[in-house]
Amino acid sequence: MRNFTNVHDLGNLREALQEAFAIKKNRFASADLGRNKTLLMVFFDSSLRTRLSTQKAAMNLGMHTMVLDVNQGAWKLETERGVVMNGDKSEHLLEAIPVMGCYCDLIGLRSFARFESKEEDYGEQVLMQFIRHSGRPVFSMEAATRHPLQSFADLITIEEYKPTACPKVVMTWAPHPKALPQAVPNSFAEWINAAGYELVITHPEGYELDPAFVGKARVEYDRNKAFEGADFVYAKNWAAYGDPHYGKVLSMDRRWTVDAAAMALTRNAYFMHCLPVRRNMIVSDEVIESPRSIVIPEAANREISAQTVLRRLLTANAHEGPPQS
Ligand code: AN0
Ligand code: CP
């Protein structure tokens, strides 16, 4: 595995899950693998879980980590080629990326959809530039269209809690005051489809996701119907994907907040969310605090998904390193 940006990079998903469970049993089994290796984590957007869990995973493997928050202290970066740089951006990504590559062995990147252009976002412009120009293996810590470390942790969690071999998983849109990317729902759908589980996606009309991610999942506009028989309820807000409303908030309808009455329609489902979550917008206090809420074990599994991916990247690219001159 040279880079990690989506579920397909892992190859056999069952094998990857087995590896994750072995790591969870003994997270210090490969404590020397990352000796003298440096991970650079580059954040264009905020993070709590991703930065801590990925850093912890790297430490478990004996790596050093460096964190760059691009918007706090680094030069403002231009991302478009051909721009006359007479504005507030002091440096171009095309120099910044190879320079970053000089100081590290692996790069983790967080760069959300900007919602300025669907083509740019869905072309993963920033992620692709890091892959092309850094000279280093790159992994996504949430890019414009996917959040694979989150989805991997979600799937690990589902494996741990599933009451049947093939659970019914329901992903529900829920209201939020800001326009949020589709990366988490896209990715979740991609991974649950890859796992072969029944997936129902429910949302108000106008919130249809890219069909490439929906795949064989069933879309059900009636949330009550969707929740019937669910083993897992995965809540998430996302902004509209379809034209002409790409990146817009179309509804803040709190009837879509996941509350106890909605959960009562399920087969005693577990409640999941990637966090950070806005209480009483996405989910009621009662549901997130209930014994069926598994948001904290889900977040804990971020360390495991990150460590599995880092371990594979280190193993596959063992001969690589920054230039010695
Ligand atoms: C981000 C999102 O929805 O993609 C990160 C989630 C992991 N959420 C917010 O910006 C609130
Ligand atoms: N779930 C997740 O990625 O959280 P952060 O944005 O805090 O990293």
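Remember, it's 1-based here, ligands and their atoms both numbered in the order they're listed. The shown structure was predicted, so the numbers you read here are calculated from the model rather than taken from an experiment.
- Contacts between Leu149 and ligand 2, counted as non-hydrogen atom pairs separated by less than 4.0 Å, are absent for every part of the residue.
- Within a 6.0 Å radius of CZ in Arg279, more than 12 heavy atoms belonging to other residues, nucleotides or ligands are found.
- Protein heavy atom nearest atom 6 (O) of ligand 2, with residue, atom name and distance: Arg110 NH1, 2.8 Å.
- Nearest non-hydrogen protein atom to atom 4 (O) of ligand 2 is Arg49 NE, 2.8 Å.
- Between His273 and Tyr234, the distance separating the two ring centers is not shorter than 6.0 angstrom.
- In this structure, Ala183 does not count as a contact residue of ligand 1, since none of its heavy atoms falls inside 4.0 Å of the ligand.
- Proximity of Lys236 to ligand 1, defined as any heavy-atom pair under 4.0 Å, is confined to the side chain (atoms from C-beta onward).
- Linking Ile, Leu, Val, Met, Phe, Trp and Tyr whenever their side-chain heavy atoms come within less than 4.5 Å leaves Phe227 and Met272 in two separate clusters.
- With Phe43 as the aromatic partner, Arg51 meets the cation-pi criteria of under 6.0 angstrom to the ring centre and within 45 degrees of the ring axis.
- Scanning the protein for heavy atoms near atom 5 (C) of ligand 1, the closest one is Glu142 OE1, 3.4 Å.
- For Leu275, the heavy-atom gap to ligand 1 drops under 4.0 angstrom.
- Contacts of Arg302 with ligand 2, taken as heavy-atom pairs under 4.0 Å, involve the side chain alone.
- Distance from atom 10 (O) of ligand 1 to its nearest protein heavy atom, with residue and atom name: Leu180 CD2, 3.6 Å.
- Using a 4.0 Å cutoff on heavy atoms, Glu142 does not count as a contact of ligand 2.
- Close approach of ligand 2 to Leu48 is summarised as follows: ligand atoms under 4.0 Å from at least one heavy atom of the residue are 5 (P), 7 (O), 8 (O).
- The pair Arg114-Glu120 does not meet the salt-bridge criterion, since no charged nitrogen lies less than 4.0 angstrom from a carboxylate oxygen.
- A distance-only check finds a donor-acceptor pair linking the side chain of Thr202 to the backbone of Glu220 [under 3.5 Å].
- Atoms of ligand 2 lying under 4.0 Å from at least one heavy atom of His147, given by number and element, are 2 (C), 3 (O).
- Distances below 4.0 Å separate heavy atoms of Pro181 from the following atoms of ligand 1: 2 (C), 3 (O), 4 (O).
- Between Ser47 and ligand 2, at least one pair of N/O atoms sits closer than 3.5 Å.
- Atoms of ligand 2 found under 4.0 Å from any heavy atom of Gln150, numbered from 1 in the order shown, are 1 (N), 2 (C), 3 (O).
- At least one N/O-N/O distance between Cys274 and ligand 2 falls below 3.5 Å.
- More than 12 heavy atoms of other shown residues, nucleotides or ligands fall within 6.0 angstrom of atom CZ in Arg14.
- Not close to ligand 1: Trp238, with no non-hydrogen atom less than 4.0 angstrom away.
- The neighbour count for Glu289 CD, taken as heavy atoms of other residues, nucleotides or ligands under 6.0 Å away, is above 12.
- Heavy atoms from other residues, nucleotides or ligands lying under 6.0 Å from NZ of Lys216 number more than 12.
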Derivation and outcome, side chain to side chain contact (heavy atoms under 4.5 Å, CB included), residues Tyr221 and His203 | CA-CA 6 Å; Tyr221 294 105; His203 54 71; 3.6 Å; yes
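- Using a 4.0 Å cut-off between charged nitrogen and carboxylate oxygen, Arg110 and Asp45 do not count as a salt-bridge pair.
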